[in-house]
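Along the sequence shown, residues carry numbers from 1.
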Amino acid sequence: MTGIHKPGAFETTGHGMGVVPIVHPGSPEERHHAVRAVASLSVNAIECAEVLAMLGLDPAEGKAQ
């Protein structure tokens, strides 16, 4: 039976424009740098927050340690 979802295969969320897997890849250092990169390239705070949310990143991960 193709096309049938097997429960427990992976976790998903239905937020936004489709169903996407929930993953938290990368080390804390990589996530820190990713947040900083998004912030530096964003036009404003709203855009930054939206992109971080799409990537599954928390703004607090970009704070200096």
For H32 and E61, the nearest pair of non-hydrogen atoms, with its separation, is ND1-O, 3.0 Å
Residues A34 and L57: closest non-hydrogen pair is CB-CD1, 3.8 Å
Without placing hydrogens or testing angles, list every side-chain donor-acceptor pair under 3.5 Å for residues 43-55, not counting sequence neighbours.
unit_1, atom_1, unit_2, atom_2, d
N44, OD1, I46, N, 3.1
N44, OD1, E47, N, 2.8
E47, OE1, V43, N, 2.6

